[in-house]
Amino acid sequence: MTTSITIGNFKGGVGKTTTCVTFSYLLNKAHRKTLLIDFDPQGNASEIIEKTFPVFKQKNSKSLTDGIKNLDLSESIAHVTDYLDLMPSDWSLSLLPDMLEDYKKSDRPLFLKTLLTKIRNDYDYILIDVPPTLSAYTNNAVLASDYVIMVMQTQEQSYSSSLKFVSYLQGLRKDYDKSFDLLGIIAYLVKKDGPVDHEVLKPLIKPLEKPYFMGTYFKENVLNVSEKVELEMRICGTKGLYICIK
C-alpha cells in the first residue's frame, strides 16, 4: 500500500525541502521504494539529490514538465538508486498554471493526483516538495497526498504562516471532501531544552488538540529537530510512518 506525503508551509526557509530530501534518503536506506517529486520550479530538492548521489542508476532526459504535458509522469522519473526515484524539477515547471488553463477549474487542483494514478502502486512512499505559496503546486500536491507534514521554525512569521497553513488545509479538505490528514508538525532547528522555543510552540500545540480533521491529532506529533539530533524513520507495519528523534 502506497503512502503519499506532502511536506509544506507557507513560510519559506523553514526547512521543508531539507526535511523532504532527508526523509527520502532515510527511506531509501530502509529499503522502502520511494518517489521524491520536486514540485517546486526552483528545483532545490533536485539539486540536493544530485549532489548527494552524483551517479544515478538511470537518468531520464524528460523533465517533469514534459511528463505533465504528455500526461505521462513515468517518462519523467530518474532512478537514483534501487529504492529511490526522483521527478526532477526546473524553471519550466513555472508554466504549470498556464498548462492547467486548458482544464475545468474544478479539475485543476486534482491534476497531479490523476496523473499519479498510473504509477502510484510502484512505490511504498511518495514524498512531494512544494514551494512556500498558496498556489496550483500546493493545491495539487496536498490533494494527491494521504498526509501532510508541516515544517516550521519558532519565529513569529513562521508561526503565523503555520496557522494560516492549517486553516488552508481545513478549507481544502472541506471544499474537495478529501480524507488527507496532518501527520505532524516538525519544529526545525530548535533547541530541545530551549524555553523560548517551547514557549512559541505552546499556542500552536493547543489549537491542534481540537480535531480539525476527521483524523486524530496527538500532542506528541509536534517534533523538535535541531542541528545536533539525528532523524530516524521507523516503518511500523500497517501503522505507517513515524518520525523519531534519536
Side-chain angles (χ1 to χ4, degrees), residues 1-8 16-17 19-40 45-46 49 56-60 62-89 93 96 99-100 103-104 106-131 135-149 169 172-173 176-184 213-215 233 235-243:
M1 182 177 179
T2 305
T3 300
S4 52
I5 305 172
T6 288
I7 298 177
K16 298 185 307 298
T17 298
T19 301
C20 197
V21 172
T22 299
F23 288 0
S24 300
Y25 175 80
L26 292 171
L27 286 167
N28 164 68
K29 287 187 66 176
H31 292 179
R32 296 304 190 273
K33 188 65 176 177
T34 303
L35 172 64
L36 171 58
I37 302 176
D38 189 352
F39 213 49
D40 184 343
S46 301
I49 290 294
F56 281 26
K57 183 179 178 182
Q58 180 183 342
K59 284 199 171 184
N60 201 316
K62 299 286 188 178
S63 69
L64 178 52
T65 307
D66 291 331
I68 292 173
K69 287 180 179 178
N70 297 331
L71 303 180
D72 183 7
L73 294 182
S74 64
E75 63 183 26
S76 303
I77 296 174
H79 302 294
V80 183
T81 71
D82 288 336
Y83 294 98
L84 177 60
D85 286 351
L86 170 70
M87 281 189 190
S89 176
L93 189 61
L96 176 67
M99 290 188 282
L100 292 179
Y103 298 87
K104 292 193 302 181
S106 59
D107 292 339
R108 294 172 195 170
L110 300 170
F111 190 69
L112 179 62
K113 180 181 178 69
T114 302
L115 292 184
L116 284 176
T117 302
K118 299 178 182 178
I119 61 172
R120 180 180 172 91
N121 291 333
D122 295 338
Y123 298 95
D124 297 314
Y125 291 94
I126 297 176
L127 302 182
I128 309 175
D129 186 44
V130 293
S135 61
Y137 306 96
T138 307
N139 289 343
N140 269 270
V142 171
L143 291 175
S145 298
D146 302 305
Y147 297 102
V148 176
I149 294 176
L169 293 177
L172 197 63
R173 176 164 176 161
Y176 284 88
D177 192 27
K178 297 300 175 182
S179 58
F180 64 84
D181 205 350
L182 183 63
L183 181 62
F213 300 100
M214 295 303 291
M233 307 297 290
I235 296 86
C236 307
T238 59
K239 294 184 179 179
L241 181 66
Y242 286 79
I243 308 158

*What residues form a side chain to side chain contact (heavy atoms under 4.5 Å, CB included) with Lys57, not counting sequence neighbours?*
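Lys57 satisfies side chain to side chain contact (heavy atoms under 4.5 Å, CB included) with His79, Asp82 once adjacent residues are dropped.
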[atom1] of [X] to [atom2] of [Y]: how many Å apart, nearest 0.5 Å?
X: Asp85; Y: Asn28; atom1: CG; atom2: CG; answer: 10.0 Å
X: Lys113; Y: Phe180; atom1: NZ; atom2: CZ; answer: 10.5 Å
X: Cys20; Y: Leu127; atom1: SG; atom2: CG; answer: 5.0 Å
X: Thr34; Y: Leu27; atom1: OG1; atom2: CG; answer: 4.0 Å
X: Leu86; Y: Leu35; atom1: CG; atom2: CG; answer: 8.0 Å
X: Thr2; Y: Asp124; atom1: OG1; atom2: CG; answer: 7.0 Å

Less than 4.5 Å apart, any side-chain heavy atom of [X] and any of [Y]?
X: Ile37; Y: Leu73; result: no
X: Asn139; Y: Arg108; result: no
X: Ile7; Y: Tyr147; result: no
X: Phe111; Y: Asp107; result: no
X: Leu64; Y: Phe39; result: yes

*Chi angles and distances behind the side-chain hydrogen bond (donor to acceptor under 3.5 Å, both in side chains) call for Asp146, Thr3*: CA-CA 6 Å; Asp146 302 305; Thr3 300; 4.9 Å; no
*Would you say the side chains of Ser89 and Asp40 form a donor-acceptor pair under 3.5 Å?*
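Per modelled atom types, Ser89 and Asp40 side chains form no pair under 3.5 Å.
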*So with a 6.0 Å cut-off around OH of Tyr25, is the heavy-atom count from everything else above 12?*
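No, the 6.0 Å shell around OH holds no more than 12 heavy atoms from other groups.
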*asked:* Determine whether a donor-acceptor pair (N or O, by modelled atom type, separation under 3.5 Å) exists between the side chain of Asn140 and the backbone of Leu112.
replied: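 Indeed, once roles are kept as given, a pair shorter than 3.5 Å links the two residues.
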*Quick one: ring-ring contact (aromatic ring centres under 6.0 Å, His included) partners of Tyr83, sequence neighbours excluded?*
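Here the qualifying residues are His31.
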*In this structure, which one of Met87, Arg120, Lys33 forms a side chain to side chain contact (heavy atoms under 4.5 Å, CB included) with Ile126?*
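Option passing the side chain to side chain contact (heavy atoms under 4.5 Å, CB included) with Ile126: Arg120.
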*Partner residues of Asp122 under the side-chain hydrogen bond (donor to acceptor under 3.5 Å, both in side chains) criterion, sequence neighbours left out*: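 None.
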